[in-house]
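One-based numbering along the sequence shown. This structure is a prediction, so every number in the text was calculated from the model and none was measured.
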Amino acid sequence: MSKIVYLGHYDIDGQRAAGSPAAGTMLRYILSVLMKTGKPVTVISHTYPKDGAAAPRECRREDGYDLVLPATLRKSRNPLMRWLREQHHRRELERMLEEQVQDGDTLVVYHSLLFMRAVQRLRKRRDFRLVLQTCEIYSDVIGDTAGRAAEIAYIQTADAYIFASDMMEKMLNTAHKPYAVCLGTYNAAESVKDSFGDGKVHCVYAGTLEPRKGALVAASAAAFLPENYHIHILGFGVGNNAEAEVDGMRAHVQAVNAEGGATVTYDGCLRGEEYTQFVQKCDIGLSPQDPEAAFNATSFPSKILSYMASGLRVVSIRIPSIDTSALGKYMYFYEEQTPKAIADAVLQVDVTDGYNGQAVLRQLNEQFHRALCEVLA
């Protein structure tokens, strides 16, 4: 019987370095849908141990799927050893794919520039169906105009897709291949709305602290809000700039609080149940992004789904990928990426309007399940 192999940066137990929390949440959601297709599922997790230790190849049975973890060399500060470690990890990825993907299987790949070469090489040796889960065009994210054509060409070799937005589908699926659109994680468990109990309206920005994603401007909006508002920043730094971005946010929060107005706090990077419990205490989720950034032409901010799953209203920059989506009619939009524009939109939100974002997500969840089953059939 053919099987589904799912390749991504997947951390099952918190012991592996697996990229951003948002990507990890998305991987877990798609995996939960794949396991409902009735086919055997194997997950290949291309990750390193967080402690930098060497690790042997590990294959184990999890709840409903098989998990394959790569062998790794020990982390080192020596440039030559770092290079050897990276090369070993790349070869290990190719070996795992060679062993796990057989003729007739379906390989679902969470699109990453790191996987391109290995998947292209495997296509020459195996007859399998390639489904690309395309959440962003990463050349746009990192500003690599030279590499963009190669990335687009690779994406278009897929047999089917899981796109993160309708605009991405229109841009990339020029051959009209089978696809499903998944804006983010549609999980929306029933929950009792909690609160901070201080009578204030609590807003939250959750996500990367990378400047183009809008965390700094979200924090700055506090200066334009009255004292009965509180803005929370939940975020993480990215890559080599991670520590500097966190330090920069802490300093920025202090400077904004000194101006008066609403309170703004940096509350760290929360994950899992701790994150959910915190966000459920808030009233409004903030989704600011630089509207001029190239990646916004196609990507859909996963934080919007996370906010709605916790019952929050959402204030968002008006960009086409959000405005034209199935969720556009539920947003409170602002037009300019400025602190005052964000604050003005926040003040328009009626937190007593009976809105039920969780019911919306449950409907989208059912629609995506059906669409993905058709893609994988």
Side-chain angles (χ1 to χ4, degrees), residues 1-12 18-20 22-47 59 62-70 93-123 125-138 151 154-165 168-169 172-173 175 177-187 299-300 302 365 367-377:
M1 180 180 183
S2 63
K3 65 180 180 296
I4 297 171
V5 179
Y6 190 21
L7 170 63
H9 303 289
Y10 182 65
D11 178 25
I12 181 64
S20 78
T25 300
M26 189 66 174
L27 279 159
R28 285 189 290 274
Y29 173 69
I30 297 296
L31 174 58
S32 72
V33 180
L34 294 177
M35 289 192 297
K36 294 178 181 178
T37 62
K39 292 186 177 183
V41 177
T42 296
V43 175
I44 298 177
S45 176
H46 187 255
T47 51
C59 303
E62 293 294 335
D63 187 15
Y65 64 95
D66 293 320
L67 176 66
V68 182
L69 299 167
L93 169 62
E94 294 189 3
R95 285 192 289 266
M96 289 190 299
L97 286 170
E98 186 84 25
E99 293 171 6
Q100 297 298 328
V101 180
Q102 303 301 319
D103 290 349
D105 286 345
T106 296
L107 175 62
V108 181
V109 179
Y110 191 103
H111 173 51
S112 166
L113 298 179
L114 294 174
F115 298 154
M116 285 175 51
R117 181 180 175 184
V119 172
Q120 288 169 327
R121 289 167 66 92
L122 186 67
R123 293 280 265 182
R125 300 190 295 275
R126 292 282 189 272
D127 181 17
F128 61 92
R129 192 160 183 254
L130 175 62
V131 179
L132 276 183
Q133 182 183 344
T134 312
C135 296
E136 294 192 89
I137 300 173
Y138 289 103
E151 182 178 4
Y154 161 70
I155 290 172
Q156 293 182 336
T157 64
D159 301 299
Y161 302 97
I162 303 170
F163 287 115
S165 71
M168 183 173 285
E169 189 276 326
L172 297 174
N173 191 15
K177 297 174 182 178
Y179 72 94
V181 173
C182 184
L183 300 175
T185 302
Y186 295 139
N187 290 330
S299 65
F300 188 93
S302 61
N365 184 53
Q367 293 173 359
F368 175 65
H369 276 229
R370 291 194 296 269
L372 185 58
C373 285
E374 291 177 6
V375 166
L376 297 174

- prompt: Do NZ/NE/NH1/NH2 and the carboxylate oxygens of Arg123 and Asp159 come within less than 4.0 Å?
  reply: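 A salt bridge links Arg123 with Asp159.
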field: CA sep, side-chain torsions, deciding dist, call: Ile162, Phe368, side-chain contact (heavy atoms from CB on, under 4.5 Å)
entry: CA-CA 10 Å; Ile162 303 170; Phe368 175 65; 4.1 Å; yes
With heavy-atom distances below 4.5 Å as the criterion, would you say the side chains of [X] and [Y] are in contact?
| X | Y | value |
| --- | --- | --- |
| Val108 | Thr106 | yes |
| Gln102 | Phe128 | no |
| Tyr10 | Leu7 | no |
| Leu376 | Ile4 | yes |
| Glu94 | Leu122 | no |
| Leu107 | Arg129 | no |

[X] side, atom [atom1]; [Y] side, atom [atom2] - distance, nearest 0.5 Å:
| X | Y | atom1 | atom2 | answer |
| --- | --- | --- | --- | --- |
| Thr134 | Glu169 | OG1 | CD | 11.0 Å |
| Ile155 | Phe163 | CD1 | CZ | 8.0 Å |
| His9 | Leu114 | NE2 | CG | 5.0 Å |

- request: Please name all residues satisfying salt bridge (charged side-chain N to carboxylate O under 4.0 Å, His left out) with Arg28, sequence neighbours left out, ordered by chain then number.
  value: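 Counting only residues at least two positions away or on another chain, Arg28 forms no salt bridge (charged side-chain N to carboxylate O under 4.0 Å, His left out).
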task: Name all residues meeting the salt bridge (charged side-chain N to carboxylate O under 4.0 Å, His left out) criterion together with Glu374; count only those two or more places apart in sequence or in a different chain, and write none if there are none.
output: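 Glu374 satisfies salt bridge (charged side-chain N to carboxylate O under 4.0 Å, His left out) with no residue once adjacent residues are dropped.
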- prompt: Among pairs that include at least one residue of residues 111-120, which meet side-chain hydrogen bond (donor to acceptor under 3.5 Å, both in side chains), considering only residues two or more places apart or in two chains?
  reply: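 Every side-chain hydrogen bond (donor to acceptor under 3.5 Å, both in side chains) pair that includes a residue of residues 111-120, provided the two are not neighbours, is His111-Glu151.
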- request: For this output row, return yes or no: ring centroids of His46 and Tyr110 closer than 6.0 angstrom.
  value: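 Between Tyr110 and His46, which both carry aromatic rings, the centre distance is not below 6.0 Å.
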query: If you draw a 6.0 Å radius around CG in Asp63, do more than 12 non-hydrogen atoms from other residues or ligands fall strictly inside?
result: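 No.
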Residues Tyr161, Gln133; criterion side-chain hydrogen bond (donor to acceptor under 3.5 Å, both in side chains); working and verdict: CA-CA 6 Å; Tyr161 302 97; Gln133 182 183 344; over 6 Å; no
message: Quick check on side-chain contact (heavy atoms from CB on, under 4.5 Å): which of Leu27, Thr42, Val109, Leu67 does Tyr6 satisfy it with?
response: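 Among Leu27, Thr42, Val109, Leu67, the one meeting side-chain contact (heavy atoms from CB on, under 4.5 Å) with Tyr6 is Leu27.
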- request: Determine yes or no for a side-chain-to-main-chain donor-acceptor pair under 3.5 angstrom, with Asp103 supplying the side chain and Asp127 the backbone.
  value: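 Yes; judged by distance alone, with no hydrogens or angles, the pair exists.
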task: Could you tell me which non-hydrogen atom of Cys182 sits nearest to which non-hydrogen atom of Tyr29, and how far apart they are?
output: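 Reported closest heavy-atom pair: SG-CE2, 3.7 Å.
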